[in-house]
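A short worksheet on the structure shown next.
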Amino acid sequence: MKTKPKYSVWQNVRFMLALAWRKGKDVLALCVLFAALSLGINLAQLFIAPVVLAQVEAHAPLPRLLGAIAGFALALILLNGLLGYVDQNTMFGRVRLRISIINDLNEKACTTSYPNTRDPEALKLFEKAQDATRSNSRSAEHVWTTLTSLLLNLAGFAVYLALLSGLNFALIALVTATTAAGFFVSRRINSWGYRHREEESAYQKKIHYIAQKTESIQLAKDIRIFGLRPWLSDIYESTLRLYDAFINRRERIYTGACAVDALLSLARNGIAYAYLIRLTLANGLPASQFLLYFSAFTGFSTWVTGILQECSTLCKESLDLSTIQEYLHLPEPFRFADGAPIPPADRYELRLDHVTFRYPGAEKPTLRDLSLTIRPGEKIAVVGLNGAGKTTLVKLLCGFYDPDEGRVLLNGQDIRQFDRRAYYRLFSTVFQETSELDITVAQTVAQRVDGIDMDKVKACVAKAGLAETIASLPQGYDTHLGKQVYLDGVELSGGQTQRLMLARALYKDGAFLVLDEPTAALDPIAESDIYQKYNEMTAGKSSVFISHRLASTRFCDRILFIQDGGIAEEGTHEELLQKGGAYAKLFEVQARYYQEGRDLDDIQI
């Protein structure tokens, strides 16, 4: 069942007009001017032959005849010149408005509440909105062409109707009716492509995906080692054959539509031609007026078709514009600018109060009735098996999600009342998924382009144990990362990238330091180096450290063992070992991989 668009055609047109009024009034002016010039050229072309023929019929002197021809020619040259100038200048304002919409969409995507970034419906809406702004021919820009053409066709219809009003009204109605019938028949046939757009999009997406993967730097090694080229070629060619068959089927259907349109046009023109011949023979209609009226009848049907066609196009484009508006006005579950400011404090206490949380669509809660207090300056380690809810716990602490039940409290106040962006500024984080861009090392650490404190950057890089690596790069801290944008960019290893992300977190210097498996890609020596510097890195901060490696949690003040959606065990490393519970058993399993008879603290690196 089709979902009705949230915004009507008029609401979407009003949205675009309001955007142009705020950011590009020249677009509106050029639309009107383009339509006026186009109509002027059409009328000049309509009248030139009948006027010249009327001069010949009246045996006008040659100078008058030549003057009439010259006048029309001059008018057409002037109008066409102006139209060309306007046409060349319409694009700039329209592109500017489309870019403005793209900026608004990107701003929304980057600032919307975190749950929206994981909502499949919101993601689908964003994808459709992006597609509507992807090029000049997409709805966000092409709608101005549609509105201009609609304005032109409405004006032309009115002028031609006034011109033909002295003739048989029934004939005008017949021309209008046959034109409309032809349009709706053709539209029904031609809309086959629109009705099957999902099928076409699937083929195009597969072709683009395979082409993109074959060019991927990341997959280059796999393609060569595993000999994937023939396999990828077979997939690409088979999809291309299916897409080719789809295109052939569509074009056969469109050919039928053209045939129907041609037959109706022949019938319509034949009726008009017969009527004018009878009028000429019965009433002595001059040849010049015969030509004028016949051209007007043909043009009149063109205006009617144009109005219907542009209205149909506008309705289709309105669907895309509606997705843009829907995404821009996507409801926000969090408070931002309207939220309360974070109360100033030297240190903060963070508490989960009987929190229960279940991901949308999940059968059971990931966390259930969990309570936890992180005292100012405390170092907390969160451990447990995969899927126990460790990362979910961190997401709740960081304010990415609100609990279904219970509260997250900052110094005793529910974080729902705060400006969530201000709340985020309290956290410095290193997540499992990295988010590096193809920018310089210094910009990556500072997360800004200008005003970088290089002394602080270097200090943070040193704490993260990456100083020697950066010093060895071609341009040091000005070295570009990645090869997607800069050909001279370098690619760091997984462990080096994790250290860089740690330096970025330290540079931010938030009140809470959250590390989610920060040493997963590090070798044992590098991991030990991070542990030895942990106290220095977390000085004066509260910290939460997530790890699968239980030996890495010994430097924390308190360890939480998460199991079955709650805190199964809690205490220091020694206390949990003495309990002999799940933590101790898991530690025993992991300890088998270390050399027997040696204490981890005694290992010299």
Side-chain angles (χ1 to χ4, degrees), residues 113-115 117-118 333-336 339-340 342-343 345 347-359 365-384 386-433 435 501-502 504-506 508-518 534 537-538 540-548 553 556-570:
S113 302
Y114 184 82
T117 68
R118 293 297 180 266
F334 299 159
R335 301 180 68 176
F336 293 118
I342 301 295
R347 309 181 85 178
Y348 292 95
E349 177 188 88
L350 196 56
R351 183 156 58 96
L352 300 182
D353 181 27
H354 296 285
V355 163
T356 295
F357 177 79
R358 179 174 61 186
Y359 286 100
T366 303
L367 299 176
R368 185 184 299 106
D369 195 29
L370 186 148
S371 294
L372 167 66
T373 299
I374 301 177
R375 293 178 286 274
E378 187 177 21
K379 301 178 184 65
I380 298 290
V382 181
V383 299
N386 288 335
K390 302 185 298 298
T391 299
T392 302
L393 173 62
V394 166
K395 289 178 179 179
L396 288 168
L397 289 171
C398 292
F400 292 132
Y401 289 109
D402 282 336
D404 298 316
E405 299 176 16
R407 300 176 299 167
V408 179
L409 304 173
L410 179 71
N411 282 359
Q413 299 184 53
D414 195 325
I415 68 169
R416 290 184 178 93
Q417 65 181 294
F418 296 132
D419 177 349
R420 195 60 61 99
R421 295 191 186 103
Y423 180 77
Y424 292 150
R425 288 195 283 272
L426 297 176
F427 292 84
S428 297
T429 58
V430 177
F431 295 116
Q432 295 182 42
E433 306 90 358
S435 57
M501 295 299 100
L502 179 57
R504 183 180 70 171
L506 296 175
K508 185 183 178 184
D509 198 26
F512 296 93
L513 179 64
V514 178
L515 306 177
D516 189 357
E517 296 286 356
Y534 190 74
M537 290 187 292
T538 58
K541 304 179 186 299
S542 301
S543 65
V544 178
F545 184 92
I546 297 179
S547 179
H548 284 91
T553 62
C556 293
D557 299 325
R558 187 158 45 116
I559 301 169
L560 310 177
F561 186 82
I562 305 297
Q563 189 177 48
D564 297 328
I567 301 175
E569 298 179 18
E570 181 179 354

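Here the structure is a predicted model, which is why all the values come from computation and not from measurement. Scope of the values below: all heavy atoms of this structure, side chains included, with no hydrogens, waters or symmetry mates.
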Residues two or more places apart in sequence or in another chain: which of them pass side-chain hydrogen bond (donor to acceptor under 3.5 Å, both in side chains) with [X]?
X	answer
Tyr359	Thr392
Arg375	Glu378
Gln413	none
Thr429	none

Query raised in the report: Do the side chains of Ile546 and Val394 get nearer than 4.5 Å, heavy atoms only?
Result: yes
Query raised in the report: So do Glu569 and Ile559 actually touch side chain to side chain, heavy atoms under 4.5 Å?
Result: no
Requested in this report: First locate atom CZ of Arg558, then atom CD1 of Ile380, and finally report the distance between them rounded to the nearest 0.5 Å.
Outcome: 3.5 Å
Using side-chain contact (heavy atoms from CB on, under 4.5 Å) as the criterion, list what pairs up with [X], not counting sequence neighbours.
X	answer
Asp564	none
Ala345	Tyr348, Asn411
Ser543	Lys379, Leu513, Tyr534, Thr538
Gln563	Phe561, Ala568, Ala582

Of all the heavy-atom pairs spanning [X] and [Y], show the shortest one and how long it is.
X	Y	answer
Gly510	Lys541	O-NZ, 3.0 Å
Ile374	Ser542	CG2-CB, 4.2 Å
Pro365	Arg368	CD-NH2, 4.0 Å

**Report entry** Phe427: partners by ring pair (Phe, Tyr, Trp, His ring centres under 6.0 Å), with sequence neighbours left out
**Finding:** Tyr423, Phe512
Quick one: side chains of residues 398-410, donor-acceptor pairs under 3.5 Å with protein atoms, not counting sequence neighbours, listed by atom name and distance.
residue, atom, partner, partner atom, Å
Asp402, OD1, Arg420, NH1, 3.3
Asp402, OD1, Arg420, NH2, 3.0
Asp402, OD2, Arg420, NH2, 3.4
Asp404, OD2, Arg358, N, 2.7
Arg407, NE, Asp353, OD2, 3.4
Arg407, NH2, Asp353, OD2, 3.1

Query raised in the report: Got a sec, which residues hit salt bridge (Lys or Arg N to Asp or Glu O under 4.0 Å) with Lys395, two or more places apart in sequence or on another chain?
Result: none
Query - Residues which pass salt bridge (Lys or Arg N to Asp or Glu O under 4.0 Å) with Asp557, listed by chain and number, not counting sequence neighbours - result: none
Requested in this report: Taking only Lys NZ, Arg NE, NH1 and NH2, and the carboxylate oxygens of Asp or Glu, determine whether Asp419 and Arg421 approach each other closer than 4.0 Å.
Outcome: no
Requested in this report: May I have the step-by-step check of side chain to side chain donor-acceptor pair (under 3.5 Å) for Asp369 and Thr356, ending in yes or no?
Outcome: CA-CA 5 Å; Asp369 195 29; Thr356 295; 5.3 Å; no
